[in-house]
Amino acid sequence: MADDHTVVRQGIVALLSLESDIEIVGEAQDGTSVVSATTALRPDVVLMDLRMPGGGGIAATRKISSLVPDCRVLVLTTYDNDASIVGAIEAGAIGYLLKSTSTPELVAGVRSAAVGRSVITPAVTLQMARRRSGTAASSPTPREIEILALVAQGRTNARIAEQLGIGEATVKTHLLSAFRKLGVSDRTEAVMAALSAGLISLPE
């Protein structure tokens, strides 16, 4: 179970521990430690949060899929934007559940993942269907990602425009395009989505 919020992680561990056929063999609070723990413990399933220190859940999922291919990564997160969903599935996750999922659904999801069956929250399934039908937006462009990284550093549109040598209106246009592609409506949500998808990282 990987989640950087101790209360959330321990609560989920406590719930799953009530099931006679589920054994919790380890906990991790960041991307680096979950990769190390998975490599050492070889669990059947890793429940993976997306936004964590140490590279985040998507990067950790990619590494686990490569280093421990028999382990199934089941994402459990609050993020249902396109970038997070696609990033996690492309990294090798077998399933994607939201933290609003009920306890019975979570338990069933863990059991399904353990036997190699994909499990996806209905809301996420709808997002993926939109992408397949062509109604969802593409990924942010390199320039949009560059601007989102500056937003994450607390820069205003005016400061970003000055630094990049472009107009403030152009910055706003890029941001609105990124919002649409990430499935969000404001700067804060855009930064959170980009972080969870591994598109940007927080400054040291």
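Just so we're clear, the structure is a prediction, and the values are computed from it rather than from any experiment.
- For the side-chain hydrogen bond (donor to acceptor under 3.5 Å, both in side chains) test, residues two or more places apart in sequence or in another chain that qualify with E27 are R9.
- Considering only heavy atoms from C-beta on, I166 comes within 4.5 Å of V171 through its side chain.
- By the 4.5 Å heavy-atom criterion applied to side chains, L106 and I12 are counted as neighbours.
- Within the structure, side chain to side chain donor-acceptor pair (under 3.5 Å) pairs that include any residue of residues 30-39 comprise D30-S33 (at least two apart or interchain).
- Of all heavy-atom pairs between A190 and L148, the closest is CB-CD2, 3.8 Å.
- Take D4 and apply the side-chain hydrogen bond (donor to acceptor under 3.5 Å, both in side chains) test, not counting sequence neighbours, and it matches no residue.
- The heavy-atom pair separating P69 from S66 by the smallest distance is CD-O, 3.9 Å.
- For R143, the CZ atom is densely surrounded, since the number of other residues' heavy atoms within 6.0 Å is greater than 12.
- Rounding to the nearest 0.5 angstrom, the gap separating the CD1 atom in I58 from the OG atom in S84 is 5.5 Å.
- A donor-acceptor pair under 3.5 Å is absent between the side-chain atoms of E146 and the main chain of P142, judged by distance alone.
- Between E144 and P140 the shortest heavy-atom distance is OE1-CA, 3.2 Å.
- For E19, the salt bridge (charged side-chain N to carboxylate O under 4.0 Å, His left out) partners two or more places apart in sequence, or in a different chain, are R111.
- Applying the salt bridge (charged side-chain N to carboxylate O under 4.0 Å, His left out) criterion to R42, with sequence neighbours excluded, gives no partner residue.
- We find the CD1-CD1 distance between I147 and I200 to be 12.0 Å, quoted to the nearest 0.5 Å.
- Contact detail for I24 and S17: the closest heavy-atom pair is CG1-OG, 3.6 Å.
- There is no side-chain donor-acceptor pair under 3.5 Å between Q29 and T6.
- T141 places none of its side-chain heavy atoms less than 4.5 Å from the side chain of I145.
- Side-chain contact between L47 and L16 is present, with heavy atoms from C-beta onward closer than 4.5 Å.
- Under the 4.5 Å side-chain heavy-atom criterion for Ile, Leu, Val, Met, Phe, Trp and Tyr, I64 and L41 are members of distinct hydrophobic clusters.
- There is a path of hydrophobic side-chain contacts, each under 4.5 Å, that joins L67 to V73.
- Placement of V45 and V68 in two distinct hydrophobic clusters is found when ILVMFWY residues are connected by side-chain heavy-atom separations under 4.5 Å, directly or transitively.
- Contact between G31 and A60 at its shortest, heavy atoms only, is O-CB, 3.8 Å.
- Remark: I160 CD1 to L175 CG distance equals 6.0 Å, nearest 0.5 Å.
- Residues L164 and V151 fall within the same hydrophobic cluster, defined by Ile, Leu, Val, Met, Phe, Trp and Tyr side chains chained together at heavy-atom separations under 4.5 Å.
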Going through the checks in order, is the salt bridge (charged side-chain N to carboxylate O under 4.0 Å, His left out) test met by K99 and D3?
CA-CA 11 Å; K99 287 182 178 175; D3 196 301; 2.6 Å; yes
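- Checking side-chain atoms of T173 against main-chain N and O of A169 turns up a donor-acceptor pair under 3.5 Å.
- Here the side chain of S65 pairs a donor or acceptor atom with the backbone of A91 at under 3.5 angstrom.
- Between Y79 and L182, the closest side-chain pair of non-hydrogen atoms is not below 4.5 Å.
- Looking at heavy atoms from C-beta onward, V119 lies out of side-chain contact with Y96 at the 4.5 angstrom threshold.
- Distance check, rounded to the nearest 0.5 Å: CZ of R72 to CZ of R117 gives 10.5 Å.
- Applying the side-chain contact (heavy atoms from CB on, under 4.5 Å) test between N157 and each of R187, E162, H174 identifies R187 as the sole match.
- More than 12 heavy atoms of other residues, nucleotides or ligands sit less than 6.0 Å from atom CD of Q10.
- Proximity of T77 to R51: side-chain heavy atoms (C-beta onward) are nowhere separated by under 4.5 Å.
- Taking 4.5 Å as the limit, some side-chain heavy atom of V110 sits within range of a side-chain heavy atom of L74.
- In this view, D70 satisfies the salt bridge (charged side-chain N to carboxylate O under 4.0 Å, His left out) rule with no residue, not counting sequence neighbours.
- No side-chain donor-acceptor contact under 3.5 Å links T61 to the backbone of A93.
- Residue L195 holds its CG atom at 13.0 Å from CE of M52, rounded to the nearest 0.5 Å.
- Linking Ile, Leu, Val, Met, Phe, Trp and Tyr whenever their side-chain heavy atoms come within less than 4.5 Å leaves L76 and V25 in two separate clusters.
- In this structure, CD1 in I85 is found 8.5 Å from CD1 in I89, a value given to the nearest 0.5 Å.
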